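Structure first, then comments.
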Amino acid sequence: MSKRTSVVKHLKTNSVINSSIQNIGDTHQANPVTRVIALQKEGPTFQGDLQFEDYSIFQREANWPDSQPNVIKRTVHHNPYIHVNNASIIAASASSIIHVGNLNYLSAESRIKHFRILLAQFHPD
Amino acid sequence: MFMEVHNYGLHVGSVEIDAIGSSSVFLIGDNESIVLSSFFDTPPESYIVAANLVPLAPPA
């Protein structure tokens with residue numbers, strides 16, 4: 001499959017954190033995985049710890065589609081370039097990828113669980 | 001199903017993105033196949049308005 005060349009005149013990225021990647025060039029396969037427990041808690045102290053093993057969302061199998069779609073696709077590139085004048089990105093986080101160039105196969109998975117523990121005196125319902 | 005794609009010029013002036021997060025990808029280029037899976041879980045036990053300091057929720 002013929003692939004085009006990406007031409008980016010100007011790329012400005014502020015931060016690439018938490019196993020994120022900024023890749024300029026071609027990649028055959030990428031498989032980013034994110035598992036997050038986010039705790040928002042009011043009150044002066046933090047006690048207790050949150051483990052991935054304790055919560056079923058992190059044990060469950062990812063439900064990947066089982067079959068490939070039976071589509072035969074033929075692509076003809078009449079212009080061998082992809083032009084982007086400028087791209088400006090503030091942040092890439094949590095196993096994200098900024099990719100200039102071809103990325104053949106991508107299978108990405110993300111699991112996020114939130115905890116919010118608020119104190120009644122601040123939230124009279 | 002047979003699909004034929006003809007790509008002529010692809011020219012983007014400028015892109016401004018605040019954030020790319022949780023296994024997301026910003027791709028400038030060609031691709032064969034993308035498969036994505038995402039879980040997002042905030043059940044009742046994850047939102048607690050407590051009179052006082054309560055220990056964390058029991059494992060679910």
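We name chains A, B, ... by the order of the sequence lines, and we start the count at 1 in each one. Computed from a prediction, not measured in an experiment: that's the story for all the values here. Hydrogens, waters and symmetry mates play no part in the numbers below; they use all other heavy atoms, side chains included.
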Identify which of [options] forms the greatest number of heavy-atom pairs closer than 4.5 Å to chain B.
| options | result |
| --- | --- |
| L103(A), N70(A), T13(A) | L103(A) |
| N85(A), T34(A), I98(A) | N85(A) |
| V36(A), N79(A), N23(A) | N79(A) |
| P32(A), A94(A), S96(A) | S96(A) |

Please determine if E32(B) and K3(A) form a salt bridge, counting it only when a charged side-chain N lies under 4.0 Å from a carboxylate O.
-> yes
Please examine the side chains of I89(A) and L11(A), heavy atoms only from C-beta on, and report whether any two atoms are closer than 4.5 Å.
-> yes
Ring-face cation of R116(A) near Y47(B) (centre distance under 6.0 Å, axis angle within 45°) = no
Who among [options] has the most heavy-atom pairs with chain A under 4.5 Å?
| options | value |
| --- | --- |
| L10(B), T42(B), L36(B) | L10(B) |
| S14(B), S22(B), S38(B) | S22(B) |
| D30(B), V15(B), I28(B), D41(B) | D30(B) |

Where does the angle between the aromatic ring planes of Y8(B) and H78(A) fall among parallel (under 30°), tilted (30 to 60°) and perpendicular (over 60°)?
-> parallel
Counting heavy atoms not belonging to E16(B), are there more than 12 under 6.0 Å from its CD?
-> no
Tell me, yes or no, whether the heavy-atom count around Y81(A) atom OH, taken from other residues, nucleotides or ligands under 6.0 Å, exceeds 12.
-> no
Whatever's closer than 4.5 Å to a heavy atom in chain B on V33(A) counts as backbone
